[in-house]
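A, B, ... follow the sequence lines: proteins, then strands. Residue 1 opens every chain.
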Amino acid sequence: MALRGARRAVALGFRRGLAEAAGPRSTRQLREAEEAAPVFQYVGKAAKRKDRVFVWGFCYSGALGVPSFVKPDVGWKKPRRIQPTPYRLETEEKISSAACGYGFTLLSSTTTDITKVWGMGLNKDSQLGFQRSRRDRTKGYEYVLEPSPIPLPLEKPQHTRVLQVSCGRAHSLILTDSEGVFTMGNNSYGQCGRKVVEDETYSESHLIHQLKEFDSRVVQVVCGQDHSLFRTEKGAVYACGWGADGQTGLGHYDITSVPTKLRGDIAGVNIIQVSSYGDCCLAVSDEGDVFGWGNSEYLQLASVTETTQVNVPRHLPFKIGKVKEAACGGTGNVVLTEDGNVFVWGYGILGKGPNLIETAVPEMIPPSLFGWSDFNPDIRVAHVRCGLSQFAALTNRGELFVWGKNLRGCLGTGRMEDQYFPWRVTVPGEVVDVACGVDHMVSMVKSFT
Amino acid sequence: LNAAPGRPPRQHVRFLPAPDGGDGGATGLVAARVPVLADHPLVRGPRFRRLKIGAGHRLDVKASGVFILGIGHGNKLLTDLYNCHLTKVYTVGGLFGKATDDFSDTGKLVEKTTFDHITREKLERILAVIQGTNHKALLMHSNIDMKTQEAYELAVKGLIRPMGKSPPIITAIRCLQLALPEFQLEIHCLHETQQYLRKIVHEIGLELKSSAVCTQVRRIRDGVFTLDDALLRTQWNLQSIQNAIWDCQLKVKTELEKTLG
């Protein structure tokens, strides 16, 4: 001890360092200590908000893109059947558009790199293109468990950007800005826009068809269950695929293998949005009118006709105000008006409690269910989306509300029960867009700071 | 209270011996009304020695604001008010840049961080999310089956509230002012403690990738009682207390009838 003290004295030149004053520190000492403490910087002034992707729902098909759900990396873990709450999916690029099909998912980004589209999930009909198997280079994967790049036959791969993707039951559409629409997957009803080949095997197929012959640039592509809809810049709508319910809207009930322009009540009308997921289709014009065609077994079009299949687009005379956006589900439809109100009609869990099962006329969902109150009077619904039997609404504050049948945990609420009125999904971020599928959902989210 | 004139002492009839001895012997009694000696103020002592005072929702030492007290028979109303589960409104002041161990600015310093990246927009976003998750908790703890029609109707009207024990829930939160590094929030909550509010301030700081401490917690409303009904320190005298009780009686009665039926 004494030796150490002596050495210290020699080294430092003074003996103060050994003992401090006893007793509690005075206010002045505390303040000085506080001011001398180091300041940590976690994020700078120009920090940007990060873009993230969250997935939830049924995992066994691989549609969520997390391989450890289906094949756990540790031996004792069991494969996860359902992911009931949002789970973050790591992606290499910022995902601008996502679409959920029946057991598979497509993600796309507006990058000019070679890889622009990733797919995961079922690939039995090559709806994700040809995914070369690593074990046997001649065969392809039937289930893709993590987001894998889809090779597109582009002429200018480093200039073209992918704007939007859409998925149906067993086919998918990819919209680019300068090279038209690429289709892949099942073509037994001509939904890929090419001639039906008898007894064609769709699995492990390399064929990706390109569609360029439209009157103007295609700005939106929508997949129904077995048909495809294309909306062009001039406001026209083209359709191809299965038509037994009239969902192609071309005046007949046969299949169409070449995209053909729709007539009927939308001829000459500038359509700004088209939507479909099952066998019914809705279109919104720039003046706020709604047109519908296709399956009407669930009273979706019962306001204009008694027939259960409508094969020509009909104007739906709803007096609910100017419509901004529409979304079609399997049995129910939802529209969003300019003033931010949500109207539902059709069959199933529509969102107004367990008593409202079916209605032919749109009913409004009270805005107080979306968080509107005297305390927050400026909350509005900004977007509406539809899955097969569930609905999703995004508010302008970035909150996601879901309701409908909770098939295999697709609502993301954390519970397995059906939800009869809009319920918030807790996502750690501001939800920018959401894509609904049959039993899973994908959302694009911006982080808070 | 004791200074107020009490009731006059009881009188009773006593047979007292006559002042004048008379013819020295028996039957010299005269009936006279005299005050009972037992009722004399000096014998009896002060009329009110103790008052039963009950307290409403807790307010800890570092916080300030409206604090409800019940006197005497009013204590029964206190339990009824507690069962109403009405929201309380607080004004919470915070300071960015510091983190302490007990979440207030008088605690031991744990960390200092920068805060110049914080904008009002980011703060509002965090507050919206806090409100959203607490709204979910509100619906879940209210113990109503979500699948019934009445649950839907109550949710539309916004009347779903937990009517029993529940963890602290914030029903509404908004930013009153933000002047870096200080900020002020208005919080409407149920079943909370002031330390929980300080913890919320700390967590807001963490979410914004900085740190925050709470400088002030002030309750401005407790159920039906607001700051206007509250008595200041200088007004703690009998007259003001009586006036305050009189003014609030009607409010409390209507609220209890409305909620408890």
Practice item. To the nearest 0.5 Å, tell me how far A/Y420 OH sits from B/D145 CG. Key: 9.5 Å

Check your understanding: Mind checking which of residues 115-123 of chain B sit less than 4.5 Å from chain A, heavy atom to heavy atom?
Key -> B/D116, B/H117, B/K122

Review point. Is it true that atom CZ of A/R415 has more than 12 heavy atoms of other residues, nucleotides or ligands lying nearer than 6.0 Å?
Key: yes

Revision key, fill the gap. d(A/F40 CZ, B/S211 OG) to nearest 0.5 Å is 10.0 Å

Point to revise | Side-chain donor-acceptor contact under 3.5 Å, B/K136 with A/T426 | key: yes

Review point. Given the options B/E111, B/E150, B/Q149, B/Q131, which has more heavy-atom pairs under 4.5 Å with chain A than any of the others?
Key: B/Q149

Review point. Do you know which of A/E417, A/K352, A/E399 has the most heavy-atom pairs with chain B at a distance under 4.5 angstrom?
Key: A/K352

Revision key, fill the gap. Heavy-atom closest pair (B/V156 atom, A/S368 atom, distance to 0.1 Å) is O-OG, 2.5 Å

Review point. For A/R424, is it the side chain, the backbone, both or neither that has a heavy atom under 4.5 Å from a heavy atom of chain B?
Key: both

Exercise for review: Return each pair, listed once, that meets side-chain hydrogen bond (donor to acceptor under 3.5 Å, both in side chains) where at least one residue sits in residues 198-209 of chain B; pairs must be two or more places apart or across chains.
Suggested key: A/T449-B/K209, B/D60-B/R198, B/Q195-B/R198

Check your understanding: For atom NZ of B/K253, is the number of surrounding heavy atoms from other residues, nucleotides or ligands below 6.0 Å larger than 12?
Key -> no

Practice item. Sort A/P38 into side chain, backbone, both or neither according to what part of it lies under 4.5 angstrom from a heavy atom of chain B. Key: backbone

Exercise for review: Identify the residues of residues 170-181 of chain B whose heavy atoms come closer than 4.5 Å to a heavy atom of chain A, ordered by number, or report 'none'.
Suggested key: B/A172, B/I173, B/R174

Point to revise | Note, B/R125 side chain near A/E430 side chain (heavy atom, < 4.5 Å) | key: yes

Study note, to complete from the structure: Okay, A/W423 and chain B: the region with an atom under 4.5 Å from a heavy atom over there is side chain

Check your understanding: Do other residues, nucleotides or ligands put more than 12 heavy atoms under 6.0 Å from the OH atom of B/Y82?
Key -> no

Review point. Once you round to the nearest 0.5 Å, how far does NZ of B/K147 lie from CD of A/Q419?
Key: 10.0 Å

Review point. Side chain to side chain contact (heavy atoms under 4.5 Å, CB included) between A/R397 and B/E124: does it pass, once the steps are laid out?
Key: CA-CA 9 Å; A/R397 291 271 190 96; B/E124 303 256 327; 5.5 Å; no

Check your understanding: A/E34 versus chain B, heavy atoms under 4.5 Å apart: side chain, backbone, both or neither?
Key -> both

Review point. With a cut-off of 6.0 Å (strictly less than), are more than 12 heavy atoms of other residues, nucleotides or ligands near CZ of B/F225?
Key: yes

Study note, to complete from the structure: To the nearest 0.5 Å, atom NE2 of B/H135 lies from atom CG of A/N376 at 10.0 Å

Point to revise | Nearest heavy-atom neighbours spanning B/T113 and A/V39 | key: C-CG1, 3.6 Å

Practice item. Could you tell me which residues in residues 86-109 of chain B have at least one non-hydrogen atom under 4.5 Å from a non-hydrogen atom of chain A, sorted by residue number? Key: B/K98, B/L109

Review point. Can you tell me how far the CG atom of A/N355 sits from the OH atom of B/Y152, to the nearest 0.5 Å?
Key: 10.0 Å

